[in-house]
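Throughout, protein chains are lettered first and strands after them, A, B, ... in sequence-line order, and every chain is numbered starting at 1.
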Amino acid sequence: MKYNPQKIEKKWQKKWTVDKLYEPDFASAKKPFYNLMMFPYPSAEGLHVGNMYAFTGADIYGRAKRMQGHDVFEPIGLDGFGIHSENYAMKIGAHPAAQAKVSEKRFYKQMDSIGNGFAWDEKVETYNPEYYKWTQWLFIQMFKKGLAYRKKAEVNWCTSCLTVLSDEQAEGGKCERCGSAVIKKELEQWFFKITDYAEKLLKNLDALDWSEKVKIAQRNWIGKSEGAEITFKLKDGGELKVFTTRPDTIMGVTFIAVAHGSIYAGKIAVHPVTGAELPVYATDYVVADYGTAAVMGVPAHDERDRAFAEAHGIYVSDAPLLPYDEALKKCGGKKETRFRLRDWLISRQRYWGPPIPMIHCEKCDWQPVPESELPVLLPRVKNFRPEGTGKSPLASVKSFYEATCPQCGGKARRETDVSDTFLDSSWYFLRYPDACTTEVPFSPERIKDWLPVDMYIGGAEHSVLHLLYSRFVTMALHDMGYVDFEEPFTVFRAHGLLIKEGAKMSKSKGNVINPDEYIERYGADTLRTYLMFLAPFSQGGDFRDESVMGIYRFLNRVWVLVLGNLTAGSNGALQKAIHKTIKKVTEDIADLKYNTAISAMMILLRELEAGEPVAEDVKTFLKLLAPFAPHITEELWGMLNGEGSIHKSAWPVWDAKFIEEDEFDLVIQINGKTKRVIKAPKGIDEAEAVRLAAVDGAPKRVIFVHNRLINFII
RNA sequence: GCCCGGGUGGCGAAAUGGUUAUACGCACGCGCCUUAAGAGCGCGCGCCGCAAGGCAUGAGAGUUCGAGUCUCUCCCCGGGCACCA
């Protein structure tokens, strides 16, 4: 019988779903393990191989945990509300609501075909009213807590998406979604007060077991600066405050620089210590919305200040530094802490999102929609395209915006902006464990048992977007008493980027890999194992078409081995190789070093082929392979009369007694160069090693490394 | 400019409490099988050399009996942040 992945994979996927193999028993689970992966934006033509790379890596971890006795909960869903999905719908000329249904079908079919152990009963889609009802509820809680507020401000405006964006989505002056230039516009918008949590968001990072680069990115983004605020009197009355991290350079101040448009430009300030006159310049190197939008110019100690001073013919004084505290005292400065982090701009002038559940009344100002009236349904309108007027398309839908004030019952106007996509995804992991509940946003009992998330795997591109927002929302919910933890993700691991033959995959280059083709040709097991074999999971991988065959051969050899004649009875000869591999694979999976785990299994396979394995040996091997190639191992497990599903079988445990060697390779070196390698009994002393090495002459010096080598310096 | 990763065979990559560099896979070569091709199986495969041997982990220096691994200087590639005072 030939290995036929197409046949067995479909068969098992169906059976696993029918048997609810991957549904945890929420009520009586003894060792809950929440294995989370970032849910995809279903915006493109279908599941990208990059999604599959991430999902497979996360799934292998979860499958191993399940076999190690944990009650693993591995949910999935679609982050289908928002600009990305809307932009895609517009591109192909579809209505976003109609396109969502098409994408949903396609994505779920593909996600089923990759063989992950998803808990399908608990999926969520952010665009379903049953879900976004609670996204709106969340907004209202934030408003009630004083964490949602309106303000008129210079905001980021994407000239292509025709909406405002948060600072995090406009990094580097480019739209996070479409890459277009972002300009500044003065608009009144809804904000979330994430800055209230700046200190906590920063401090808690220290205790989190997260990929270090993500923690660093968050620290940089929060950008805490400790310094001082110093007041400069103006010559013709009034005063001006600056923020500095270097009050000790106060004696070197020769000018003041302020942001463009500042009312202080052109005035003369007075040095608080020396009384010297300091010109005030407007320059563009001073950022308008940071600190006090004014800096003291110290050409002697700051490069930018020096460059500015030289360009404007200002005297560059080399005044001495003062001790920090003395400087503060002399100039009357007071210690201040500033953050780079800005409040989270929530409003979007787009159609495809949850309407912000607020009503504006001329008399009563802004009022939240009563919770009994949630959800505020997004009406199906023909004209959903952004207009670029600074208003959402909903602003021209009279039946939508006409409302009555919940407070006074008078005529009022409903908010017509929708909320940011990142609000949808800031709390989805709370919903999963009881995804169908209709009475509450998330079930308190299940939250208690299953959260915080035990393992979260996703891309590093969300270092300062989704991961920061989720932490903030969780902290806010904690302070409102809804959850009893502050941090949603105990462990987070960033996976690397999958590239194709050294280049980034992109549609314009035409090198985007469609996983379906490979699954059709070689099966999901081959593709999964291949993706994980490329390179360390955290590093990313370089996909090469011709290399896929190597894994396909490997799985075929596994198939042939099991179908061949296995030896009856017991055979101890392979125990050493088997137990060494159990240890290696177990440890490598824990470290997400899947590439070397697979390599170790390839070596073991060769030993099994060369030896005389019994059924138990092969079953152990299959268990190790099961997280990587779940279908073929399940099929072969059945052929060997394995009990139940292999994926619920007990993970093998290595026994140190089989691994211990009684011999080692003694490396014999002369002047540090290897001359010979001989077998020697473990634990021998230097004298014995010298005798075994049998090197002529009297060495000047002998270096002996226990159980490893002997080096003669002559 | 600053902050993270990286630089090892023809290619993807192993090996970092210092001590046999190149595991595993791909490609390639030879052989077996086959009418043939492919698949499969076996063997070989860092570079130079007939060999003995020598040389090799981006470049250069240092520490050490011994460095891919530690220290310093520099170069290159990928990613992120950038007038944040």
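For A:Tyr290, counting side-chain heavy atoms from C-beta on, the closest listed nucleotide (B:C84, B:U19, B:C11) is B:C84. Between B:C65, B:A85, B:G12, one nucleotide has an atom nearer to the side chain of A:Arg701 than all others, and that is B:C65. When the nucleotides B:C4, B:G79, B:A27 are ranked by their closest atom to the side chain of A:Lys504, B:G79 comes out on top. Each of B:A13, B:U20, B:G25 was ranked by its minimum atom distance to the side chain of A:Arg557; first place goes to B:G25. Which of B:A23, B:C84, B:G12 sits closest to the side chain of A:Ser599 comes down to B:A23. Nearest to the side-chain atoms of A:Arg342 among the listed nucleotides B:C84, B:C26, B:U19 stands B:C84. The side chain of A:Ile603 lies closest to B:C24, out of B:A85, B:A15, B:C24. Picking from B:A13, B:A15, B:C83 the nucleotide with the shortest atom distance to the side chain of A:Thr596 gives B:A15. Picking from B:C26, B:A82, B:A85 the nucleotide with the shortest atom distance to the side chain of A:Thr244 gives B:A85. When the nucleotides B:C26, B:G12, B:U20 are ranked by their closest atom to the side chain of A:Phe533, B:G12 comes out on top.
With both ends at atom C1', the span from B:C77 to B:C24 equals 25 Å, rounded to whole Å. Here, B:G1 and B:U64 have their P atoms 35 Å apart, quoted to the whole Å.
With a cut-off of 3.5 Å on both pairing distances, B:A27 has no Watson-Crick or G-U wobble partner at all. Nucleotide B:C70 is matched to B:G62 when pairs are restricted to Watson-Crick or G-U wobble geometry with both distances under 3.5 angstrom. Summarising the base pairing, B:G38 is matched to no nucleotide, lacking a Watson-Crick or G-U wobble pair whose two defining distances lie under 3.5 Å. The partner of B:G1 is B:C81, by the rule that a Watson-Crick or G-U pair needs both atom distances under 3.5 Å. Partner assigned to B:A52 is none, using Watson-Crick or G-U wobble distances below 3.5 angstrom. Under the Watson-Crick or G-U wobble criterion, with both distances below 3.5 Å, B:A21 has no partner in any strand shown.
When every heavy atom of A:Leu165 is checked against every heavy atom of A:Val182, the shortest pair comes out as CD1-CG2, 4.0 Å. Nearest approach of A:His579 to A:Ile659, heavy atoms of both residues: O-CD1, 3.5 Å. When all heavy atoms are compared, the tightest approach of A:His495 to A:Ala54 is CE1-CB, 3.2 Å. Between A:Gln6 and A:Glu520, the shortest heavy-atom distance links the atoms NE2-O, 2.5 Å.
Phosphate proximity of B:A82 to A:Arg304: absent, as no side-chain N or O sits under 4.0 Å from OP1 or OP2. Note on A:Arg338: every side-chain N or O is 4.0 Å or more away from OP1 and OP2 of B:A85. Proximity of A:Arg606 to the phosphate of B:G42: no side-chain N or O atom is located under 4.0 Å from OP1 or OP2.
For the pair A:Arg219 CZ and B:G80 C1', the interatomic distance rounds to 16 Å; values are reported in whole Å. Whole-Å rounding puts the A:Asn220 CG to B:G1 P distance at 18 Å. Separating the CG atom of A:Leu465 from the P atom of B:G80 is a distance of 12 Å, rounded to the nearest angstrom. Protein atom CE of A:Met601 is 15 Å distant from nucleotide atom P of B:A14, rounded to whole Å.
Paired with A:Tyr530 under the rule ring pair (Phe, Tyr, Trp, His ring centres under 6.0 Å), one option of A:Phe543, A:Tyr594, A:Phe554, A:Phe628 passes, and it is A:Phe543.
Here A:Ile183 pairs with A:Trp157, A:Thr159 under the side chain to side chain contact (heavy atoms under 4.5 Å, CB included) rule; sequence neighbours left out.
Ring orientation note: the planes of A:His462 and A:Phe422 are nearly perpendicular, at an angle over 60° on the 30°/60° scale.
For B:C65, its base sits under 3.5 Å from the side chain of A:Asn711 at one donor and acceptor pair at least.
Toward the 5' end of RNA chain B, the nearer of the two residues A:Glu609 and A:Lys213, judged by each one's closest nucleotide, is A:Lys213.
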